[in-house]
Amino acid sequence: MITIELNGQQQPLPADSAVSDLLAIIGSDGKSVAVVVNEQIIRPDNRSAHLLHEGDKVELLIFAGGG
Amino acid sequence: MDSLQLGSYTFSSRLILGTGKFSSAAVMLEAVRASGAQLITVALRRFNREQAEDDLFGPLSAMKGITLMPNTSGASTAAEAVRAAHIARELSGSAFIKVEIHPNPQHLMPDPIETFEAARILAKEGFLVMPYITADPVLAKRLEEVGCASVMPLGSAIGSGQGVATAAMIEIIIRESGIPVIVDAGLRSPSEAAHAMEMGCGAVLVNSAVAVAGNPPEMAEAFAEAVSAGRKAFRAGLMQKSGSAIATSPLTTFLGTY
């Protein structure tokens, strides 16, 4: 197991998890979520190839109401 | 056809609607429909699996004729705003970005220096930059010169409902500007939106006034009608003001002539 920082909180993950695995674990279809790993944007077509590592800082962002 | 041109985009509606502060996503969507607005602002927020219904991308992108304009709210520096813009573009698929940098939550006044810097960088990268600014004609001109798609001076403080308190400055901005001037923030009533449009604004951006109204969809429609009426009046050409009365009826006496 590894531990990443997901939106500021500790999240355990099986080793060799990709970004797409993380999205599946938290129940997101990934369509409406922007993924940023260590300040780098991970595009949808790259999410199953991009592996997460111990201590990675992951931000998942969505569109919410705003003016 | 009188339309609003922003970059390569053409809009028939001159009302831009924000999506914050609505009681529910369903009410917001109904208000968007009723407003006829084609450009809709959204904000970036961290995903929270307990609040999945807050995700507006799905329902808004399913609506026909809607273009999303994400904002950079939450950024307090140019660098943060640029980063937010990059992330937002991934989601929205649109080049629009509302640059909104307000470091002080007490008054939410936009930081002109950071805003200018972010706008300069993002315009160069090909974004359609819509900067939220104080009603400053010099700043507005500088933003036009670095390639912004519009300038969006505030009518009054965000969410304050104090109307177009900056009207005199906005008139100067409009006179000097070669890009659309959009009053953003502070509007409370449709008559204020009509006033802004009569002055020659290209559009108005409204959020709180619709979101917290007793009946948001009905208020959205009222704003749409006011924006349309104000625009029509501007195009028709308002009469000049006069310091004294000028009669509209003949003043020749006839009642006392017999």
Side-chain angles (χ1 to χ4, degrees), chain A, chain B residues 16-25 27-29 32 40-62 68-74 79 83-84 86-92 98 100 108 132 158-159 184-185 187 205-211:
Chain A
M1 293 293 278
I2 58 167
T3 304
I4 61 159
E5 195 182 307
L6 176 61
N7 286 350
Q9 297 196 328
Q10 303 288 301
Q11 168 81 38
L13 270 187
D16 296 326
S17 290
V19 167
S20 51
D21 298 320
L22 170 67
L23 292 173
I25 288 168
I26 62 165
S28 164
D29 65 4
K31 278 186 200 151
S32 54
V33 180
V35 182
V36 184
V37 179
N38 301 330
E39 300 199 0
Q40 184 198 346
I41 296 167
I42 310 296
R43 301 224 154 94
D45 54 6
N46 212 8
R47 288 178 187 168
S48 29
H50 191 103
L51 296 182
L52 294 168
H53 303 99
E54 180 70 29
D56 275 353
K57 286 189 167 61
V58 181
E59 293 280 341
L60 300 184
L61 298 143
I62 59 163
F63 280 149
Chain B
I16 303 172
L17 194 65
T19 55
K21 289 162 80 171
F22 282 88
S23 58
S24 72
V27 172
M28 183 275 290
L29 291 167
V32 168
I40 303 292
T41 60
V42 288
L44 274 176
R45 218 204 49 203
R46 278 176 164 176
F47 171 84
N48 181 335
R49 72 189 92 172
E50 274 80 49
Q51 295 170 310
E53 73 280 3
D54 288 354
D55 182 358
L56 300 183
F57 178 77
L60 280 175
S61 56
L68 293 180
M69 176 166 70
N71 67 32
T72 64
S73 182
R83 189 169 160 261
H86 290 162
I87 297 167
R89 185 169 56 182
E90 287 300 305
L91 279 175
S92 68
K98 173 179 169 180
E100 178 175 353
L108 299 176
Y132 166 63
I158 292 175
D184 177 8
L187 298 186
L205 196 161
V206 180
N207 188 343
S208 301
V210 170

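Since we're looking at a predicted model, the values are computed, not measured. Chain identifiers are assigned alphabetically (A, B, ...) following the order of the sequence lines, protein sequences preceding nucleic acid strands; residue numbering begins at 1 within each chain.
Interface remark: B:Leu68 contributes side-chain atoms only to the contact with chain A (heavy atom separation under 4.5 Å). Neither the backbone nor the side chain of B:Ser208 has a heavy atom closer than 4.5 Å to any heavy atom of chain A. Proximity to chain A is limited to the side chain of B:Lys98, based on heavy atoms less than 4.5 angstrom apart. If you measure heavy-atom distances from B:Ala88 to chain A, the contacts under 4.5 Å come from both the backbone and the side chain.
Residue A:Gly65 comes nearest to B:Ala43 through the heavy atom pair O-CB, 3.8 Å, listed as atom of the first residue, atom of the second, then distance. Nearest heavy-atom pair, A:Leu61 versus B:Leu91, reported as atom, atom and distance to 0.1 Å: O-CD1, 3.7 Å.
Within the 4.5 Å cutoff, no side-chain heavy atoms of B:Leu60 are placed close to those of A:Phe63.
Across A:Asn7, A:Val35, A:Leu6, a single residue satisfies side chain to side chain contact (heavy atoms under 4.5 Å, CB included) together with B:Phe47, and that is A:Asn7.
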Output side-chain donor-acceptor pairs under 3.5 Å for residues 25-34 of chain A, partner residues at least two apart or in another chain, one line each.
from: A:Ser28; atom 1: OG; to: A:Gly30; atom 2: N; distance (Å): 3.0
from: A:Asp29; atom 1: OD1; to: A:Lys31; atom 2: N; distance (Å): 2.9
from: A:Ser32; atom 1: OG; to: B:Asp55; atom 2: OD2; distance (Å): 2.4

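The number of heavy atoms from other shown groups lying within 6.0 Å of CG (A:Asp45) is above 12. Within a 6.0 Å radius of CD in A:Gln9, no more than 12 heavy atoms belonging to other residues, nucleotides or ligands are found.
Residue with the most contacts toward chain A among B:Ser73, B:Ser92, B:Gly159: B:Ser92 (heavy-atom pairs, distance under 4.5 Å).
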Would A:Leu60 and B:Arg46 count as a side-chain contact (heavy atoms from CB on, under 4.5 Å) here? Give the steps.
CA-CA 6 Å; A:Leu60 300 184; B:Arg46 278 176 164 176; over 6 Å; no
Decide side-chain contact (heavy atoms from CB on, under 4.5 Å) for A:Glu59 and B:Ile87; before the verdict, give the C-alpha distance in whole Å, the side-chain angles of both, and the deciding distance to 0.1 Å.
CA-CA 10 Å; A:Glu59 293 280 341; B:Ile87 297 167; over 6 Å; no
